[in-house]
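What follows is one structure encoded as structure tokens, with my remarks underneath.
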2 protein chains.
Amino acid sequence: MSQRKIKNMEEFAAVSGISRPTLSKFFNDPDSVRRSTRDRIEHALTQFDYRPNVYAVNQNRRTTKNIGVVLPNLADPFFSEIGREVELACIAAGYSPILLSSHGSPQQERANLESLRALKPAGVLLAPFGKASDRKDIESFNDAVPVVLFDANVEGAGEAFVGADNFQSVDLIVEYLCRSGQPPCFFEMKSPLNPNANKRRNAYLESMSRHGFEAQVHQAEGEGWHFEEIGRSEGGRLLKEGRFETDTILCSNDRLAIGMLSAAYSLDIRVGHGDGCALRVAGHDDHPFSRFTCPSLTTIAQDYAAIANRAAHTLFKILDTEARPSTREETLFEGKLVMRDSA
Amino acid sequence: MSQRKIKNMEEFAAVSGISRPTLSKFFNDPDSVRRSTRDRIEHALTQFDYRPNVYAVNQNRRTTKNIGVVLPNLADPFFSEIGREVELACIAAGYSPILLSSHGSPQQERANLESLRALKPAGVLLAPFGKASDRKDIESFNDAVPVVLFDANVEGAGEAFVGADNFQSVDLIVEYLCRSGQPPCFFEMKSPLNPNANKRRNAYLESMSRHGFEAQVHQAEGEGWHFEEIGRSEGGRLLKEGRFETDTILCSNDRLAIGMLSAAYSLDIRVGHGDGCALRVAGHDDHPFSRFTCPSLTTIAQDYAAIANRAAHTLFKILDTEARPSTREETLFEGKLVMRDSA
DNA sequence: AGATTATATTTACGCGCGTAAAAAATAGAT
DNA sequence: ATCTATTTTTTACGCGCGTAAATATAATCT
């Protein structure tokens, strides 16, 4: 293979017998040259070790082939999974994804967008914090670069939004819980960062009233991203004090549910839908760990792959047509009920 | 603030009244210019919206300020945590980290190094798969760019290695388990990807013999990164068939232990060190979820932050002195016993 | 004040590649 | 074989910045 190290395109033109402008065309789009010359170039590439200098290439392009991918928190397996799907979609489409985590801090989200500016990305896929995000920042960034939001919506920001249909999914699990036992109360954080949390609460309230049951919402104190810890401490307190009116708890997300299960275990409360069980707990998201909780967690599976791919391809389409869409589309994917042992 | 958008350094030189070469010096190192001119430049920066073009800058630098960070699998919270620590250390030192996950595939690890080549990073922090990694690939990459390995060692590869002292940590937990109940058997994967797994098994064998107990190793079939699943299915099988000679199981890592706990729960085996408990389970790593398992997992805490920071600073030192170290240093950090409820 | 040293400016070239325009070569069709 | 459409080559310039050398200016010291 790589016999000689080639310094630049000029040199590669010399050894391959192809003119430099043609090589330049080839590297931008191999299909833009004649089949026979493409073959000659590709053959030369097996003989000589050369690849275009990324920095020189991007300096002269009006837009790079980079796509920024900004996630709220990579330490959350939910986001690392969806981030991976997005990454794969970008690579498959010939783009270079640049993955940035905001580490749970809206301030870092701003910083990430700021540093992306310097990289002149063709587009950005952003899973924002939601209302904690700096809307103006996203909008001003979006003026310069096409942005597609996913997972969490910031109304009106970005060219499009792709996410989960919380109303459908919450209704699905509420319906199941009502049908199979006592109607659920709802357990969530008091001041959730994520707009999905608000949608889920509203979906719960609406669904309960539609089914003719009285809704009960319990809100846990606590800030930040330690959902499991909050679920455990606050959930444990509520359990101990007997504050739940029903034996069925629907948690706003799986991570809270994991904490709740941990609390129930400590209190020797048997969770599940079988005989001898005193409590049912359900979650939302089908977190990678939810199948290994004790008992395994009944939850709603979001279609990670579908959301990630739709978001990516929505962006690709904008980049291909080089035109911002006139209307801001919102695409919601339905969740699926995953019945396990906890409810 | 940003009144006018400045196109390039030439233009910024015009509006700020500072010559372009001086500006260039400033952006490379603000301390390299006189205090008074630095103030003038920084004041001008508040008036005009300008920042150097990354691509043009990096084209002309022999080495960039980028540091590649390659992790085996970002979906594993262990790595996302340690990755974050490394990222922060890089930023604090004025470098730009570029985070790449190999998604559990050694092939992707090669691809990541390959794509890093094009980015001309100043250095790379690599958490390799270990023996599954392509040693020659790492070595040839290391010829061009300084590489510091962390977490998993590939003997002789890279300028240095920073990781956990498995012999110390395994001995610590074996000693505790022996002292507080029946001596443990060891549960691991049959063909582990990670060299730490082998070290831990050997450490277990050595420690057991030192304490005068007979060692028992159980190896689970199964490939890939679904450790919890493997721990559950194989662990469940062994439990059901009564194959463990002792009531104490030391798992090679927390993720296997999480699966084992899940299996025990399904089989109605009470885990813990209290009365009425039939099984003790311990892990290794202090996985972020290990405090929320049922029961919470007794394990060994690795000092993520210390390992990450030492790895980063070892690299920084090499970059500062611009000299590869003559001897390959291996730094090991001790683990701490985290006593929870499972053992 | 003058001498010395540190710092800034002027001038100019190079990095590796994109890209435009005109000329030359090739492929496909008649 | 000739014509035409397509592709490649030749030539040349520009991108934004690093950087070197010579010169000019400012700061520090005696």
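Source: prediction; values computed, not measured. Just so it is clear: chains get the letters A, B, ... in the order the sequence lines come, proteins before strands, and each one is counted from 1. Only this structure's heavy atoms are used, side chains among them; waters, hydrogens and symmetry mates stay out.
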Handout entry: Check: A:F333 ring centroid to A:Y304 ring centroid under 6.0 Å
Key = no
Problem - Spacing of A:N53 atom CG relative to D:dC17 atom P, expressed in whole Å - result: 16 Å
Problem - Residue whose closest nucleotide on DNA chain D lies nearer the 5' end, B:S36 versus B:M9 - result: B:M9
Practice task
Determine, for A:R84 against A:E81, whether the closest basic-nitrogen to carboxylate-oxygen distance falls under 4.0 angstrom.
Solution key: no
Completion exercise
To the nearest 0.5 Å, atom CG of B:N142 lies from atom CG of B:D137 at 11.5 Å
Problem - Nearest-nucleotide comparison on DNA chain C, the residue closer to the 5′ end among A:V57 and B:V33 - result: B:V33
Practice task
Go through A:T22 and A:R38 one step at a time and tell me if the side-chain hydrogen bond (donor to acceptor under 3.5 Å, both in side chains) criterion holds.
Solution key: CA-CA 10 Å; A:T22 302; A:R38 174 173 176 172; over 6 Å; no
Practice task
Using atom NZ of B:K120 as one end and atom C1' of C:dC15 as the other, report the distance to the nearest whole Å.
Solution key: 11 Å
Problem - Between P of C:dT7 and CD1 of B:I41, the distance in whole Å - result: 14 Å
Identify the pairs formed between an N or O of the protein and an N or O of nucleotides 19-25 of chain C at a distance under 3.5 Å, and give each distance.
residue	atom	partner	partner atom	Å
C:dT19	O4	A:R20	NH2	3.4

Exercise for the section: Check side chain to side chain donor-acceptor pair (under 3.5 Å) between A:Q108 and all other residues, then give those that pass, not counting sequence neighbours. Expected result: A:N112
Exercise for the section: Remember a base hit wins even if backbone is also touched, and classify A:F26 as base, sugar-phosphate or nothing at under 4.0 Å, heavy atoms. Expected result: nothing
Completion exercise
So the salt bridge (Lys or Arg N to Asp or Glu O under 4.0 Å) pairs with at least one residue in residues 305-321 of chain A (sequence neighbours excluded) are none
Handout entry: Any B:N8 side-chain N or O less than 4.0 Å from OP1/OP2 of D:dG16
Key = yes
Practice task
Pick base, sugar-phosphate or nothing for B:Y50, based on heavy-atom distances below 4.0 Å to the nucleic acid.
Solution key: sugar-phosphate
Handout entry: Rounded interatomic separation in angstrom, taking CZ from B:R38 and P from C:dA8
Key = 12 Å
Problem - Contact nearer the 5' end of DNA chain D, comparing A:T37 with B:L23 - result: A:T37
Exercise for the section: Indicate whether OP1 or OP2 belonging to D:dT9 is found under 4.0 Å from a side-chain N or O atom of A:S19. Expected result: yes
Handout entry: Length of the line joining A:F12:CZ and C:dC15:C1', which is rounded to integer Å
Key = 20 Å
Problem - Lys/Arg-Asp/Glu bridge criterion (N-O < 4.0 Å) met for A:R110, A:E114 - result: no
Exercise for the section: Figure out the CG/P separation between B:N58 and D:dG16, and round it to whole Å. Expected result: 16 Å
Practice task
Provide, to the nearest angstrom, the distance between the CD1 atom belonging to B:I18 and the P atom belonging to D:dC17.
Solution key: 16 Å
Handout entry: Whole-Å gap separating C1' (D:dC17) and CD (B:E10)
Key = 10 Å
